[in-house]
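Every heavy atom of this structure was used, including side-chain atoms; hydrogens, water molecules and symmetry mates were not. Convention: sequence-line order gives letters A, B, ...; per-chain numbering from 1. Note that this is a predicted model, so its numbers are computed, not measured.
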There are 2 protein chains.
Amino acid sequence: MLSKKCKYAIHALVYLAERYEQGPVQIQDISEAQHIPKKFLEAILLELRHAKILESKKGKGGGYYLIRKPAEVNLMQVMRLIDGPIALLPCVSLNYYHSCDECKNEKICGIRDSLISVRDETLKILGNSTLAKIVKRERLINK
Amino acid sequence: MLSKKCKYAIHALVYLAERYEQGPVQIQDISEAQHIPKKFLEAILLELRHAKILESKKGKGGGYYLIRKPAEVNLMQVMRLIDGPIALLPCVSLNYYHSCDECKNEKICGIRDSLISVRDETLKILGNSTLAKIVKRERLINK
DNA sequence: ATATTAATCTATTGATTTAGTAGAGTTTTA
DNA sequence: TAAAACTCTACTAAATCAATAGATTAATAT
């Protein structure tokens, strides 16, 4: 399961993608529209800024905005950033690999194969789920 | 990520599947072979017994054993039993569904589509990963 | 019968993670 | 220079995770 933090991050990014290149959007605005606790959202947006997905502007007329094209930000990146590994076990993780201490021999483990398949299928779908596609999908539904 | 509990459960089940129809296997035996804390393993096996996957026998010569064919137990069942939902959000879970309180309208949510795809692909793979296949795979590797 | 073996049940615990909150500080702009 | 809005540090309550302890019950062999 994704953490609430990650879900909030995705919703905030989709919200900002809908307003791409329309100037800064205030935390307060996102918070109210997406029903995300403001203080919690602050921390999330800061993290996305540190990851160079967002940029911010302080002072009056300030706020957050996407600095990457909506087609270049996908759910795989966001989930890895906020929640860490996507794989179901550390020993099949690409980005957060570490061996299971209780397995003496990883090669012999019969469950890794399945978990590697799950990981690869999941990454394929999430990597393909860009903000651009999500926004487009929502616009279609609303018509 | 799977919990350690779930990983332990899977390894214990694979161990029992290797010994299917060969009589009860003691907790101590599984615990040592798979490096699982004994007391923790006790609780796990009990849970698998309550789920009618295992049965136990007390006293001398007692232990745990599979009461379902290894081909009829898969990772999807075990993960759901021990860790709960497989889906990435409650609102796309088949077995543990509940709506996101902050979403007023689920139909409009652009991220559900991707998460439903992830869920379906994951279930397909995990549902297909039976103990029988895992044991077979391990035997092949060991040759 | 009784000792031994091995699962069962109740309960508690420490560590970690999750989901926030509080409040002072800094930067920008009108 | 006041107000707006992000930034940073620190803290906290609740839940979950990963066990552990100890007494109890049931089955078997002798």
Side-chain angles (χ1 to χ4, degrees), chain A residues 1-12 16 23-67 79 81-85 88-90 96 100-102, chain B residues 1-12 16 23-32 34-51 53-67 79 81-85 88-90 96 100-102:
Chain A
M1 282 277 187
L2 299 184
S3 65
K4 284 200 161 196
K5 188 177 178 184
C6 191
K7 186 169 64 162
Y8 292 160
I10 295 168
H11 283 302
L16 290 174
V25 180
Q26 291 161 38
I27 297 178
Q28 182 80 26
D29 178 355
I30 307 173
S31 158
E32 283 170 11
Q34 299 298 312
H35 306 98
I36 304 170
K38 192 182 167 222
K39 273 293 188 179
F40 197 15
L41 181 58
E42 280 181 17
I44 294 166
L45 295 175
L46 207 52
E47 212 166 322
L48 292 168
R49 200 200 65 163
H50 290 145
K52 315 259 189 214
I53 294 173
L54 300 181
E55 192 44 88
S56 66
K57 216 187 137 194
K58 284 185 180 179
K60 190 158 192 181
Y64 274 96
Y65 52 96
L66 266 178
I67 49 170
M79 288 183 193
L81 179 69
I82 305 291
D83 278 353
L88 292 173
L89 284 183
Y96 297 83
C100 302
D101 8 333
E102 69 274 3
Chain B
M1 281 275 184
L2 300 184
S3 65
K4 284 200 162 195
K5 188 177 178 184
C6 190
K7 185 169 66 162
Y8 291 161
I10 296 169
H11 283 302
L16 290 173
V25 180
Q26 292 163 37
I27 296 178
Q28 182 80 27
D29 178 354
I30 307 173
S31 158
E32 282 169 12
Q34 298 299 312
H35 306 100
I36 304 170
K38 194 183 166 219
K39 275 292 188 178
F40 197 15
L41 182 58
E42 280 182 18
I44 294 166
L45 295 175
L46 208 49
E47 212 166 322
L48 293 168
R49 200 200 65 165
H50 290 144
I53 294 173
L54 300 181
E55 193 43 90
S56 66
K57 216 186 137 194
K58 283 183 177 182
K60 190 159 193 181
Y64 275 95
Y65 52 96
L66 264 177
I67 50 170
M79 289 184 191
L81 179 70
I82 305 291
D83 278 353
L88 292 174
L89 284 184
Y96 297 82
C100 302
D101 8 332
E102 68 275 2

When the distance from [atom1] of [X] to [atom2] of [N] is rounded to whole Å, what number comes out?
{"X": "L45(A)", "N": "dA5(D)", "atom1": "CG", "atom2": "C1'", "value": "12 Å"}
{"X": "D83(B)", "N": "dA15(D)", "atom1": "CG", "atom2": "P", "value": "19 Å"}
{"X": "L2(B)", "N": "dT16(D)", "atom1": "CG", "atom2": "P", "value": "18 Å"}
{"X": "K4(B)", "N": "dA15(C)", "atom1": "NZ", "atom2": "C1'", "value": "12 Å"}
{"X": "H35(A)", "N": "dA19(C)", "atom1": "NE2", "atom2": "C1'", "value": "18 Å"}
{"X": "K60(B)", "N": "dT25(D)", "atom1": "NZ", "atom2": "C1'", "value": "18 Å"}
{"X": "K5(B)", "N": "dT16(D)", "atom1": "NZ", "atom2": "P", "value": "12 Å"}

ask   = Is I27(A) touching bases, backbone alone, or none of the nucleic acid, heavy atoms closer than 4.0 Å?
value =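 Counting heavy atoms under 4.0 Å across all strands, the contact made by I27(A) is with sugar-phosphate only.
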ask   = Using a cut-off of 4.0 Å on non-hydrogen atoms, how would the nucleic acid contact of E42(B) be classed: base, sugar-phosphate, or nothing?
value = base
inquiry  = L89(A): which residues meet the side chain to side chain contact (heavy atoms under 4.5 Å, CB included) condition with it, sequence neighbours left out?
reply    = C91(A), V92(A), I111(A), L115(A), L2(B), K7(B)
Passing candidate, side-chain contact (heavy atoms from CB on, under 4.5 Å) with Y64(A), options D29(A), V25(A), L48(A), L46(A) =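 Single pass found, and it is L46(A).
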message = Using OP1 and OP2 only, check whether a side-chain N or O of S3(B) sits under 4.0 Å from dT16(D).
response = no
ask   = Between G59(A) and H50(A), which is nearer to the 5' end of DNA chain D once each is assigned its nearest nucleotide?
value = G59(A)
query = If you check the Q26(B) side chain, which of dC9(C), dA18(D), dA6(C) turns out closest?
reply = dA6(C)
Earlier contact from the 5' end, DNA chain C, for V25(B) and F40(A) =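 Between the two, 5'-proximity favours V25(B).
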